[in-house]
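The structure under discussion appears below in the form of structure tokens.
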2 protein chains.
Amino acid sequence: MNAQALHGHLDALLLAVLERGALHGYAIIEALRARSDGLLDLPTGTVYPALRRLERAGHVVSAWSTVNGRERRTYELTDAGRRALADQRTGWREFSATVGRFLDSGHPSTASS
Amino acid sequence: MNAQALHGHLDALLLAVLERGALHGYAIIEALRARSDGLLDLPTGTVYPALRRLERAGHVVSAWSTVNGRERRTYELTDAGRRALADQRTGWREFSATVGRFLDSGHPSTASS
DNA sequence: TCCGACAAGTAGCGTTCCTACCTATGAACG
DNA sequence: CGTTCATAGGTAGGAACGCTACTTGTCGGA
């Protein structure tokens, strides 16, 4: 499940990660991987453009911070970003409930992972 | 939520609807709308091509049935389609659990619908 | 007869994400 | 001192997916 199906939810995921505190791009990727047990292993070519989209949209702001003489662009949620995240959460719940009505039913089979 | 976010799950939805019995294209659209309380209102231009993709993939078979002199192409799940649906269900559960880990947390707020 | 609802279909487009590259810094190693 | 690796950021191009808009055709009612 290499994020092929993320369509439309990538931004929400990024905002959710940043909700816990500002991070730079690479750290965001690592956070996603860690918090998803390695299921979400997004390439930089996916995340960096997405972050810039979010910045253009005003959902995050970025700043260069120099750590160990290493330039890292740290992204932080804006107020609008927080609102957007709330919206995305609502949208996600609606979406997953709707699709789940068709796909969660049937044979539960699994039960445990 | 006009299905912008369906990406990758449309096929699964269609298979799930057909699981309950063969239907023609238009009826599938109505079934989706009905079973989702109107949230899933897919245009024909989305559903018809998808059904033909599913047929090319061997997940459904279609047959013309003439009802009142009206030609209706009725789609039916194949065995492979049933297997595909099971796979899609698994994929959906994994996906929704993973994304949900980021988006379902936070403020549950809802409680009632 | 003409119009609207049903039914199927097609063409072209925009969004979204991925693959594959490129650049640059700092540390380790020879 | 130069090479190589891991970290970190970035871009270009393309593929997949679904949407909008349009077309065709039948049937029933005004």
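Per chain, numbering begins at 1; letters A, B, ... match sequence-line order.
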Atom CD of Glu30(B) to atom P of dC6(C): distance rounded to whole Å?
-> 7 Å
Starting at CG of Leu6(B) and ending at C1' of dT15(C), how long is that distance when rounded to a whole Å?
-> 14 Å
Interatomic distance, Leu14(B) CG vs dA8(C) C1' [rounded to whole Å] | 15 Å
Would you mind reading off the distance between Leu42(A) atom CG and dA8(D) atom P, rounded to a whole angstrom?
-> 16 Å
Any salt bridge between Arg83(B) and Asp79(B), counting N to O under 4.0 Å?
-> yes
Give one of base, sugar-phosphate or nothing for Gly45(B), where a contact means two heavy atoms less than 4.0 Å apart.
-> base
Picking from dA8(D), dA7(C), dG10(D), the nucleotide nearest the side-chain atoms of Trp64(A) would be dG10(D)
Sorted by position of nearest nucleotide on DNA chain C, 5' first, the leading residue of Pro49(A) and Tyr48(B) is Tyr48(B)
Distance test, side-chain N/O of Arg53(A) to OP1/OP2 of dC17(C), below 4.0 Å | yes
Confirm from the modelled atom types if Arg70(A) and dT7(D) form a donor-acceptor pair under 3.5 Å, side chain to base only.
-> yes
Look at the side-chain N and O atoms of Arg52(A) and state whether any lies under 4.0 Å from the OP1 or OP2 oxygen of dG10(D).
-> yes
Polar side chain donor-acceptor pair, Thr74(A) to Ser65(A), under 3.5 angstrom | yes
Should the ring pair His9(B) and Phe95(B) be called parallel, tilted or perpendicular, given that the plane angle runs from 0 to 90° and is split at 30 and 60?
-> tilted
For dA16(D), does OP1 or OP2 lie under 4.0 Å from any side-chain N or O of His7(A)?
-> no
Does one side chain, of Thr98(A) or Ser36(B), offer a donor that lies under 3.5 Å from an acceptor on the other?
-> no
Check the distance between dA24(C)'s C1' and Glu71(A)'s CD and give it to me in whole angstrom.
-> 11 Å
Report the nucleotide, chosen from dC6(C), dC17(C), dC19(D), that has the shortest atom-to-atom distance to any side-chain atom of Pro43(B).
-> dC19(D)
Of the nucleotides dT7(D), dT19(C), dG10(D), which has the atom closest to the Arg73(A) side chain?
-> dG10(D)
Charged N-O contact under 4.0 Å between Asp37(A) and Arg101(B) = yes
Among the nucleotides dC18(C), dC17(D), dT10(C), which one has an atom lying closest to any side-chain atom of Thr46(A)?
-> dC18(C)
dG10(D) P sits how many Å from His24(A) NE2, rounded?
-> 11 Å
Spacing of Ile29(B) atom CD1 relative to dT20(D) atom P, expressed in whole Å | 13 Å
Could you tell me the separation between the CG atom of Leu23(A) and the P atom of dG9(D), rounded to a whole number of Å?
-> 10 Å
